[in-house]
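Down below is the structure, laid out as structure tokens.
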Protein chains: 2
Amino acid sequence: MEILQNVTEQLKTDHKESYAAWLQYKKIEDFSLLENYQKWFENLASLADSVVIESAKKELLLGLSSMLGVQPTFSTERKAAAGIVLGTSVSIANQIEIDFEQLNDDGYVIKTVTTEEKSTIFLLGKEDTGVLYAAFHLLRLMQNRESMDHLDILENPKNQLRMINHWDNMDGSIERGYAGNSIFYSGNKFNDELNRIEDYARLLSSVGINGVSINNVNVHKVETDLITSSLLPKVAEVAAIFRAYGIKTFLSVNYASTIEIGNLETADPLDTGVQEWWKNKAKEIYRYIPDFGGFIVKADSEHRPGPFTYNRNHADGANMLATALEPFGGLVVWRCFVYNCLQDWRDRSTDRARAAYDHFKPLDGQFHPNVILQIKNGPMDFQVREAVSPLFGAMEQTNQMMEFQITQEYTGQQRHLCYLVPQWKEILDFDTFAKGEGSPVKNIVDGSLFQSRHSGIAAVSNIGNDYNWTGHTLAQANLYGFGRLTWNPDLSSETITNEWTLQTFGKDELVVQQVSQMLLDSWRIYENYTSPLGVGWMVNPSHHYGPNVDGYEYSVWGTYHFADYQGIGVDRTVKAGTGYTAQYFKENADRYEALETCPDELLLFFHHVPYTHRLKSGETVIQHIYNTHFEGVQQAEELTERWTLLEGKIDQERYEDILKRLQEQANHSKEWRDIINTYFYRKSGINDEKYRTIY
Amino acid sequence: MEILQNVTEQLKTDHKESYAAWLQYKKIEDFSLLENYQKWFENLASLADSVVIESAKKELLLGLSSMLGVQPTFSTERKAAAGIVLGTSVSIANQIEIDFEQLNDDGYVIKTVTTEEKSTIFLLGKEDTGVLYAAFHLLRLMQNRESMDHLDILENPKNQLRMINHWDNMDGSIERGYAGNSIFYSGNKFNDELNRIEDYARLLSSVGINGVSINNVNVHKVETDLITSSLLPKVAEVAAIFRAYGIKTFLSVNYASTIEIGNLETADPLDTGVQEWWKNKAKEIYRYIPDFGGFIVKADSEHRPGPFTYNRNHADGANMLATALEPFGGLVVWRCFVYNCLQDWRDRSTDRARAAYDHFKPLDGQFHPNVILQIKNGPMDFQVREAVSPLFGAMEQTNQMMEFQITQEYTGQQRHLCYLVPQWKEILDFDTFAKGEGSPVKNIVDGSLFQSRHSGIAAVSNIGNDYNWTGHTLAQANLYGFGRLTWNPDLSSETITNEWTLQTFGKDELVVQQVSQMLLDSWRIYENYTSPLGVGWMVNPSHHYGPNVDGYEYSVWGTYHFADYQGIGVDRTVKAGTGYTAQYFKENADRYEALETCPDELLLFFHHVPYTHRLKSGETVIQHIYNTHFEGVQQAEELTERWTLLEGKIDQERYEDILKRLQEQANHSKEWRDIINTYFYRKSGINDEKYRTIY
């Protein structure tokens with residue numbers, strides 16, 4: 001055990017900066033700032049206590065000792081002169097005028113109060129989680145070298161559930177993982193060493209994450225046992241680590257558990273035996289983990305079992321589980337990624353994009369209050385560009401939450417730089433018109449538009465046991481950005497990006513400016529040299545890395561581009577296509593239906609057009625393909641050049657790791673460019689206007 | 001051990017006909033024939049003895065007891081009246097007038113000699129292997145219900161080395177295996193039960209195979225140890241089983257063995273340490289296996305190590321091993337499958353088809369006498385149709401042998417019926433013009449054209465531990481046909497096919513006629529619905545099953561079709577292409593170079609032509625593609641129908657197994673048809689003249 005624990009310690013020593021991610025807590029060299037900061041920490045008082053507040057104190061001590069070189073201690077009461085006070089609404093009583101009514105459960109206040117006799121910074125949460133978030137916030141301010149003399153901050157997370165989904169398998173592999181193996185499991189058991197999980201919890205908590213599901217939504221044989229007494233003690237250990245950071249633990253469950261492990265012959269949700277089994281199962285789980293979050297369920301999707309087998313619908317399935325969890329406050333997060341994955345490519349009338357809406361919309365109002373439907377951002381599958389799922393806002397009486405993918409399955413797999421915050425913002429800001437203009441997705445998933453009981457945002461994790469967590473060190477920004485954006489979808493991409501860069505690489509102006517801009521440019525660069533104009537896919541089957549224009553063209557997956565010698569694109573109009581556009585509220589439906597109003601970047605998602613069709617940009621489609629692909633490669637090469645400007649300003653390990661990835665990206669972008677351009681040149685016979693090399 | 005041995009016994013019981021393959025030895029029901037046959041077996045005499053002759057006797061006893069219901073015994077001398085006498089040139093002395101000079105080492109005579117006092121069938125071999133082959137020949141005659149009253153047969157195998165290459169790995173998997181796992185290995189060791197190998201040896205010996213290499217040419221870590229004392233005792237056990245059937249055992253070796261297992265730092269063939277190591281290694285191997293056949297070597301090919309690392313050539317590498325084996329009579333079989341497998345698809349000047357010739361031709365005359373170059377039949381890789389390798393006949397002073405592939409990697413993987421004997425015959429009959437007209441490939445690989453010291457034909461095995469050996473029961477015919485054709489390349493496809501069908505399914509006329517014709521038609525049918533006009537590939541990468549027109553188009557493998565909106569094909573001419581045609585002798589070079597004389601079936605292998613180019617058949621290329629693909633599916637469907645005519649005439653297990661595969665083929669052929677047709681319709685925009693459905 002001693003040796004194993006050293007693995008994490010060793011990482012922290014050998015790969016200090018890479019491992020620390022944005023919690024660098026670098027020593028402050030500016031003497032006057034140091035002096036100013038230090039005065040506040042002469043007196044630290046915590047008026048409340050709990051495991052979560054212990055974490056807040058631990059984190060403050062860690063950050064302070066590291067940044068200030070002091071080793072302060074906490075007292076349990078407020079002392080004279082300057083100082084910092086931690087407390088909750090209950091503990092703080094009337095020591096300060098705070099309207100705790102303004103705070104929601106995870107909200108907090110940071111306030112500098114200066115009177116003649118004493119100066120205090122209050123870190124106050126409505127609950128203890130707020131105190132922890134406030135502590136992380138204060139440390140972020142310190143990392144960013146901001147003054148603490150006049151703080152007056154009130155923060156409430158916009159989203160109730162802020163969740164990470166792990167697609168980790170107990171054999172240690174991670175489905176769609178690009179940063180090593182699982183930090184939870186190996187060899188079909190939990191890792192002996194669990195202390196890396198605490199550092200992971202710190203990272204998550206520092207950006208406000210409050211839920212984590214720790215196993216793959218594809219629940220295989222071994223993982224089905226996670227809800228049995230053989231593995232629940234270990235799940236409880238992990239849950240205890242997360243609990244201390246305000247994070248609830250969820251499990252993905254096998255819908256057919258009653259058959260697989262329950263000795264029943266059915267998983268019919270209306271069968272009383274099945275219902276009883278799950279009720280007892282819930283009781284058992286809550287005995288081990290009293291604050292267990294609930295279940296994530298992928299049912300009747302990609303060959304996973306589900307209620308369809310018994311001629312029941314998704315509401316029947318979800319409600320049965322919800323009834324079992326309800327007495328304990330648990331949630332059922334039911335995924336809407338349901339479609340025919342054995343489609344005939346010859347059949348142009350079936351449209352995978354329609355599937356989630358077609359399946360779930362008719363069930364609006366039938367789900368129990370503790371069921372949340374988790375909907376992928378787009379109707380296909382985490383492409384570099386696709387339309388926003390029309391299901392958002394379409395079910396007024398149903399809890400909905402967003403599913404993003406931080407892991408870069410289709411966006412370069414953490415070998416290419418693709419910073420996703422701008423994409424996520426675009427999606428969250430998308431106006432659904434569900435209640436007329438001003439009904440953006442973010443107001444649906446934060447529950448405000450329809451006063452939903454439960455709501456939030458989840459995302460598929462991009463971390464693994466690589467020493468830098470995310471393979472590409474710059475991909476740490478996606479995890480950071482996801483958390484911050486989920487806390488507050490109104491933050492600008494620039495704000496988040498700057499925050500992250502400052503904390504991660506320090507305050508050098510060139511570094512902050514370059515890195516932030518590289519991140520902000522990267523999504524569009526990746527889009528430029530990959531699949532054009534929203535049509536998606538064009539990747540190698542199975543692993544999804546690298547270009548293959550026809551890779552999914554003649555497959556069962558419903559993912560086609562229909563390129564022929566004349567044109568390309570999927571006709572999803574009502575007039576002549578699959579009728580998908582009608583799933584949107586009128587304003588969007590009309591906009592997408594008409595070629596004239598459909599935005600360029602989604603043109604091929606909604607329409608099949610000739611290569612000679614002119615975009616709003618004035619370019620033809622084919623020339624746009626050529627231009628963006630040549631441009632994308634140039635931009636990818638420039639990323640490398642931009643990075644090399646920072647040599648010497650960043651520790652050598654991270655500098656070189658990132659350089660290597662950027663170089664791979666630049667090389668691989670040429671493969672994309674040449675294959676896509678050649679494919680379309682060979683197919684269309686249309687020359688590049690600029691006579692650049694196409695093979 | 002007892003239980004494990006039962007696995008094979010169980011197979012023989014549970015899957016009698018499937019397992020027995022062509023050695024059915026069905027009871028003879030025709031009473032007069034039975035009587036006639038029985039008389040011969042009243043007296044059986046063997047005038048010689050050896051382990052091989054023991055096998056001959058065992059096989060005769062097995063066959064006779066099964067077909068005739070008698071349990072004869074052998075005496076050691078000839079008795080009066082009718083009888084059968086086994087003997088070798090030495091043992092037979094002057095009991096019969098036979099000019100043993102007419103026999104080569106594996107040759108034999110079967111002769112019925114009737115005098116007034118006695119009638120005798122002599123089964124005489126020059127050596128004991130001839131006796132064994134004669135016994136199998138006699139049993140074949142009996143299975144085919146032929147009269148034995150006036151036999152006068154003299155058989156010499158045309159090819160000296162008649163070999164099967166196994167691509168079996170010790171983990172039990174088989175590279176490109178489509179009939180279960182290895183019969184030799186599992187779990188990184190030799191199987192405990194080796195007795196199935198004896199049945200395999202019987203099958204091989206019955207068709208004249210005399211060499212077998214028992215491990216994959218890609219020699220991985222565990223298999224590198226096969227030539228060490230840890231595994232040689234087991235290799236020797238296997239070799240002993242094969243030895244009793246006249247089959248020499250070979251091993252594939254890792255060229256870098258000196259480094260991997262020899263504790264040397266180099267594998268430089270001119271290094272005296274390396275040379276010494278291999279000499280000692282050869283000594284050690286021959287201590288375990290005195291008649292060890294030799295080494296198969298895949299070097300400097302597809303990431304395998306080889307002499308190139310040390311700036312040495314293939315002759316240096318092969319000769320070093322040959323020197324080590326020479327004192328023991330061992331051979332080095334050096335594969336010529338050497339090409340750049342990291343090619344840039346953009347580079348049209350590099351032509352994988354040129355590689356073997358370019359690498360090896362300059363080395364003619366430099367190889368030791370006990371080295372044989374093993375050359376794949378075509379310059380690419382076992383496609384359904386490709387040109388014959390121009391290396392055949394191009395190295396007058398070098399031993400050459402043919403490598404065929406019985407396992408159907410690119411020809412339906414034993415899920416589709418594709419009987420390869422007609423293909424092999426076409427290749428063996430191909431006139432190279434190496435010494436003017438009448439220089440067919442078969443006369444090069446049998447050694448006659450250039451009086452080569454060693455020569456022969458090898459093929460990659462198609463068997464595994466499936467109960468019917470070959471997955472598709474009809475694929476047994478490919479193993480049978482390979483052996484028979486290698487024994488005598490002048491046998492017609494029809495003769496071989498009829499022989500096999502009769503032995504395998506019995507003498508029902510409809511069965512023989514249908515099955516034989518289905519086999520003979522199948523190669524062309526498979527070609528019809530797959531890759532057209534010799535261009536090859538168009539398969540899914542890695543596993544190579546199923547259609548994917550661009551599957552290898554933008555890859556590193558040198559396997560392209562260059563289809564664009566105007567045309568398709570690889571220009572390999574001297575005039576405008578890669579110059580590959582010049583590797584042939586003049587008559588063939590001219591024929592392939594000119595569009596007018598290039599045969600249709602290889603058109604796209606040698607030329608890039610417009611879709612509107614007219615074939616000699618009168619069809620355009622595009623219409624040919626459409627026509628053959630529609631026709632191919634129809635033919636595949638007809639195969640199923642033709643098979644169902646035989647219901648009740650074939651045991652139920654084999655009937656249903658084959659029916660299932662034929663149905664899969666018919667279905668899967670539609671996938672091929674529609675993807676290929678759609679691909680070319682979308683690319684060319686040219687309509688099918690007959691307006692059939694293209695998607």
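Here is how names work: the chains are called A, B, and so on, in the same order as the sequence lines, proteins then strands, and each is numbered from 1.
A/W345 is listed as a side-chain neighbour of B/T678, based on a closest heavy-atom distance under 4.5 Å. Side-chain contact between A/R348 and B/Y695 is absent, with no heavy atoms from C-beta onward closer than 4.5 Å.
Only the backbone of A/Y681 has a heavy atom closer than 4.5 Å to any heavy atom of chain B. The part of A/D550 that comes within reach of chain B is its side chain, from C-beta onward, which places non-hydrogen atoms under 4.5 angstrom from that chain. Both the backbone and the side chain of A/E671 come within contact range of chain B, each with at least one heavy atom under 4.5 Å from a heavy atom of that chain.
Separating the CD1 atom in A/I694 from the CZ atom in B/R346 is a distance of 12.5 Å, to the nearest 0.5 Å. Taken to the nearest 0.5 Å, the CG atom of B/N540 stands 12.5 Å off from the OH atom of A/Y554. Once rounded to the nearest 0.5 Å, the distance linking CG of B/N548 with CD of A/E553 reads 11.0 Å.
Under a 4.0 Å N-O distance rule, the pair B/D564/A/K683 does not qualify as a salt bridge.
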Would you please test A/R682 and B/F562 for side chain to side chain contact (heavy atoms under 4.5 Å, CB included) and show each step?
-> CA-CA 9 Å; A/R682 287 191 188 172; B/F562 300 123; 3.6 Å; yes
